[in-house]
Amino acid sequence: MAVEAVPGISAHQLAAASLLKPIALGEEGFAAVTGLGPVDPEGLDRFQSVFVYKAKDLEALERAFPDREGWAFLRLGMPGERVLPLGAAKGVARDYWTLVGLWRKGGEG
């Protein structure tokens, strides 16, 4: 089987664009981390946005990032795609293709 890499938009770019939210403004940064295990918020407060790929424990993310606006992107760019506020996604069936975006509350982003 031949495999071809095709550059394109990343999931966190698609997620931010779907909400019309900036990933980072000016000299602000963003972080992308895996959610297969616990996510330690230490050091992530300096980023305007944090994206958790393969997010498993949405309740733990809400507790770890109480001052962030969270969104769950379920099967983003695939059949069955859903975009929900983090709190509303807790009771929804999720799989490996769950991305969570966490933005600072207030102001831009």
Side-chain angles (χ1 to χ4, degrees):
M1 173 182 354
V3 177
E4 179 182 355
V6 179
I9 188 168
S10 63
H12 62 272
Q13 290 171 305
L14 182 58
S18 74
L19 296 176
L20 300 176
K21 288 186 157 298
I23 291 174
L25 295 171
E27 295 185 15
E28 294 284 345
F30 73 94
V33 299
T34 181
L36 290 175
V39 177
D40 184 353
E42 187 173 338
L44 294 175
D45 58 336
R46 65 188 175 132
F47 297 107
Q48 184 172 349
S49 57
V50 176
F51 296 92
V52 182
Y53 281 77
K54 306 170 201 137
K56 285 185 137 188
D57 191 344
L58 304 189
E59 292 85 0
L61 289 173
E62 275 191 321
R63 287 190 306 273
F65 298 93
D67 297 329
R68 299 254 178 183
E69 177 187 355
W71 288 84
F73 302 89
L74 313 175
R75 303 190 63 78
L76 190 61
M78 295 181 259
E81 174 181 322
R82 294 183 70 186
V83 177
L84 301 167
L86 189 57
K90 290 187 292 187
V92 176
R94 298 178 310 277
D95 60 19
Y96 179 84
W97 304 107
T98 300
L99 171 68
V100 168
L102 301 157
W103 282 267
R104 283 190 191 139
K105 290 182 181 177
E108 290 291 327

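Just so you know, residue 1 is the first one in the sequence shown, and it goes up from there.
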Looking at [X] and [Y], what are the two nearest heavy atoms and their distance?
X     : Y     : value
Ser18 : Val83 : OG-CG2, 4.4 Å
Gly35 : Val39 : CA-CG2, 4.1 Å
Pro22 : Gln48 : CG-NE2, 4.0 Å
Ala72 : Ala89 : CB-CB, 3.5 Å
Ser10 : His12 : OG-CE1, 3.1 Å

Exercise for the section: Keeping the roles fixed (side chain from Ser49, backbone from Ile23), state whether a donor-acceptor pair exists under 3.5 Å. Expected result: yes
Practice task
Verify, without hydrogens or angle tests, whether Glu28 (side chain) and Leu25 (backbone) share a donor-acceptor contact under 3.5 angstrom.
Solution key: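 No, Glu28 side chain to Leu25 backbone: no donor-acceptor pair under 3.5 Å.
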[Y] reachable from [X] in the ILVMFWY side-chain graph, under 4.5 Å edges:
X     : Y     : answer
Leu36 : Val52 : no
Leu44 : Leu61 : yes
Tyr53 : Leu19 : yes
Phe65 : Val33 : yes

Problem - Whether Phe51 and Phe30 hold their rings parallel, tilted or perpendicular, with breakpoints at 30° and 60° - result: perpendicular
Problem - Aromatic plane relationship, Trp103 with Phe73 - under 30° parallel, 30 to 60° tilted, over 60° perpendicular - result: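 Rings of Phe73 and Trp103: perpendicular, over 60°.
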Handout entry: Steps toward side-chain contact (heavy atoms from CB on, under 4.5 Å) verdict (Leu86, Leu102)
Key = CA-CA 9 Å; Leu86 189 57; Leu102 301 157; 4.1 Å; yes
Exercise for the section: Inspect the surroundings of CD in Glu42 and state if more than 12 heavy atoms from other residues, nucleotides or ligands are less than 6.0 Å away. Expected result: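 Check fails, neighbour count at 12 or below.
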Practice task
Give the intermediate values and the outcome of side-chain contact (heavy atoms from CB on, under 4.5 Å) for residues Arg68 and Arg104.
Solution key: CA-CA 5 Å; Arg68 299 254 178 183; Arg104 283 190 191 139; 3.8 Å; yes
Practice task
Could you walk me through whether Arg94 and Leu74 pass the side-chain contact (heavy atoms from CB on, under 4.5 Å) test, one step at a time?
Solution key: CA-CA 7 Å; Arg94 298 178 310 277; Leu74 313 175; 3.7 Å; yes
Practice task
With rounding to the nearest 0.5 Å, note down the distance linking CG in Leu76 to CG in Leu99.
Solution key: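 CG of Leu99 is found 6.5 Å from CG of Leu76.
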